[in-house]
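One structure is given below, encoded as structure tokens.
Heavy-atom basis, side chains included; hydrogens, waters and symmetry copies ignored. This is a predicted model, so every value here is computed, not measured.
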Amino acid sequence: MVPPEARDRLRHRQAAVLTDLLAGRVPSGFDAGGAALTARVLAVKRAGSAARALPALKTLPGWPGGFVGYAAAHPKADCSAHDARAYVDHLRAHGTETERAWVAVESVRSGARRWAVARGRPVVRVGSRVYGA
């Protein structure tokens with residue numbers, strides 16, 4: 001039988017390793033190349049979960065590359081739907097001009113907004129149709 005203290009140490013060590021990998025850091029005692037590859041796989045897996053929660057992300061230019069960079073700097077705090085929305089909020093505030101335009105158009109397409117300005121041009125939703133995108 002394994003003593004409870006040993007189980008607690010193992011649980012804490014596993015949590016620390018996973019936290020490091022998700023943040024893109026190399027856990028102590030691990031191979032740097034293998035850890036980097038594992039961190040990338042976990043970030044791409046997280047991007048897939050975000051895209052399942054918000055399928056429009058797949059239409060974002062450069063997907064999932066930008067999300068992988070975002071994931072390294074922003075730990076996942078909640079469910080994939082909140083993660084996807086936090087990424088869109090991040091793009092709205094800090095994205096490139098192309099990413100900000102995508103956010104504006106998608107907010108109109110999704111029905112969250114009736115109109116927006118993308119690249120200096122109006123994008124309008126009338127009924128189920130979007131004009132200017």
Side-chain angles (χ1 to χ4, degrees):
M1 180 126 194
V2 178
E5 303 83 31
R7 288 178 192 248
D8 286 341
R9 280 195 311 273
L10 178 60
R11 184 176 67 244
H12 290 298
R13 177 65 180 139
Q14 287 175 332
V17 167
L18 185 57
T19 299
D20 284 345
L21 289 173
L22 291 174
R25 296 186 299 262
V26 178
S28 63
F30 281 75
D31 172 57
L37 179 61
T38 302
R40 171 101 175 132
V41 167
L42 289 171
V44 170
K45 183 177 178 181
R46 181 176 163 190
S49 295
R52 280 188 295 282
L54 186 62
L57 284 174
K58 293 177 187 173
T59 66
L60 176 65
W63 178 260
F67 185 88
V68 170
Y70 166 84
H74 299 86
K76 186 175 178 180
D78 208 344
C79 68
S80 294
H82 289 149
D83 198 24
R85 294 201 190 292
Y87 179 58
V88 171
D89 290 342
H90 171 78
L91 292 179
R92 185 178 290 116
H94 306 290
T96 64
E97 181 182 344
T98 301
E99 291 167 337
R100 288 192 312 272
W102 178 88
V103 169
V105 170
E106 282 307 313
S107 67
V108 173
R109 277 198 183 122
S110 71
R113 299 187 66 176
R114 290 186 54 171
W115 68 276
V117 176
R119 294 191 179 131
R121 297 178 47 204
V123 179
V124 180
R125 180 183 180 100
V126 179
S128 62
R129 301 195 62 144
V130 176
Y131 299 95

Quiz item: Can R52 and S49 be said to form a side chain to side chain donor-acceptor pair (under 3.5 Å), step by step?
Solution: CA-CA 5 Å; R52 280 188 295 282; S49 295; 3.2 Å; yes

Quiz item: Between V108 and R114, is a side chain to side chain contact (heavy atoms under 4.5 Å, CB included) present by the stated rule, with each step listed?
Solution: CA-CA 6 Å; V108 173; R114 290 186 54 171; over 6 Å; no

Quiz prompt | V26/D31 under side chain to side chain contact (heavy atoms under 4.5 Å, CB included): CA gap, chis, key distance, verdict | solution = CA-CA 8 Å; V26 178; D31 172 57; over 6 Å; no

Self-check item: Residue pair V44, R40: steps toward the side chain to side chain contact (heavy atoms under 4.5 Å, CB included) verdict
Solution: CA-CA 6 Å; V44 170; R40 171 101 175 132; 4.2 Å; yes

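Using a 4.5 Å heavy-atom threshold, the side chains of R109 and E106 count as touching. The side-chain heavy atoms of D89 and V103, taken from C-beta on, include no pair separated by under 4.5 Å. T96 places none of its side-chain heavy atoms less than 4.5 Å from the side chain of L91.
Other residues, nucleotides and ligands place no more than 12 heavy atoms under 6.0 Å from the NZ atom of K45. With a 6.0 Å radius and a threshold of 12 heavy atoms from other residues, nucleotides or ligands, R25 has its CZ atom above the threshold. Around atom CZ of R11, more than 12 heavy atoms belonging to other residues, nucleotides or ligands sit under 6.0 Å away. More than 12 heavy atoms of other shown residues, nucleotides or ligands fall within 6.0 angstrom of atom CZ in R13.
Put simply, V68 and W63 are part of two different groups of oily side chains (I, L, V, M, F, W, Y) that touch within less than 4.5 Å, one to the next. One hydrophobic cluster holds both V124 and V117 under the rule that ILVMFWY side chains link at heavy-atom gaps under 4.5 Å. The same ILVMFWY cluster, assembled from side-chain heavy atoms under 4.5 Å apart, contains both F30 and L21. Note on W115 and Y131: same hydrophobic cluster, where clusters join Ile, Leu, Val, Met, Phe, Trp and Tyr whose side-chain heavy atoms are under 4.5 Å apart, directly or indirectly. When the side chains of ILVMFWY residues are joined at heavy-atom separations under 4.5 Å, either directly or via intervening members, L60 and L54 end up in a single hydrophobic cluster.
Between S80 atom OG and R85 atom CZ the span is 12.0 Å, to the nearest 0.5 Å.
Across all their heavy atoms, W102 and P61 have their closest contact at CD1-CD, 4.1 Å. Between R7 and V2 the shortest heavy-atom distance is NE-O, 3.6 Å. Between P75 and R46, the closest heavy-atom pair is C-NH2, 3.8 Å. A pairwise comparison of heavy atoms in D20 and P27 identifies OD2-CA, 3.6 Å as the closest pair. A118 and V123 make their closest contact through CB-CG2, 4.0 Å (heavy atoms, listed as atom of the first residue, atom of the second, distance).
Taking the six-membered ring for Trp and thresholds of 30 and 60 degrees, H90 and Y87 have nearly parallel ring planes, at less than 30 degrees apart. Ring planes of H74 and Y70: parallel class, angle under 30° (limits at 30 and 60°).
With salt bridges taken as basic N to acidic carboxylate O contacts below 4.0 Å, none links E97 and R100.
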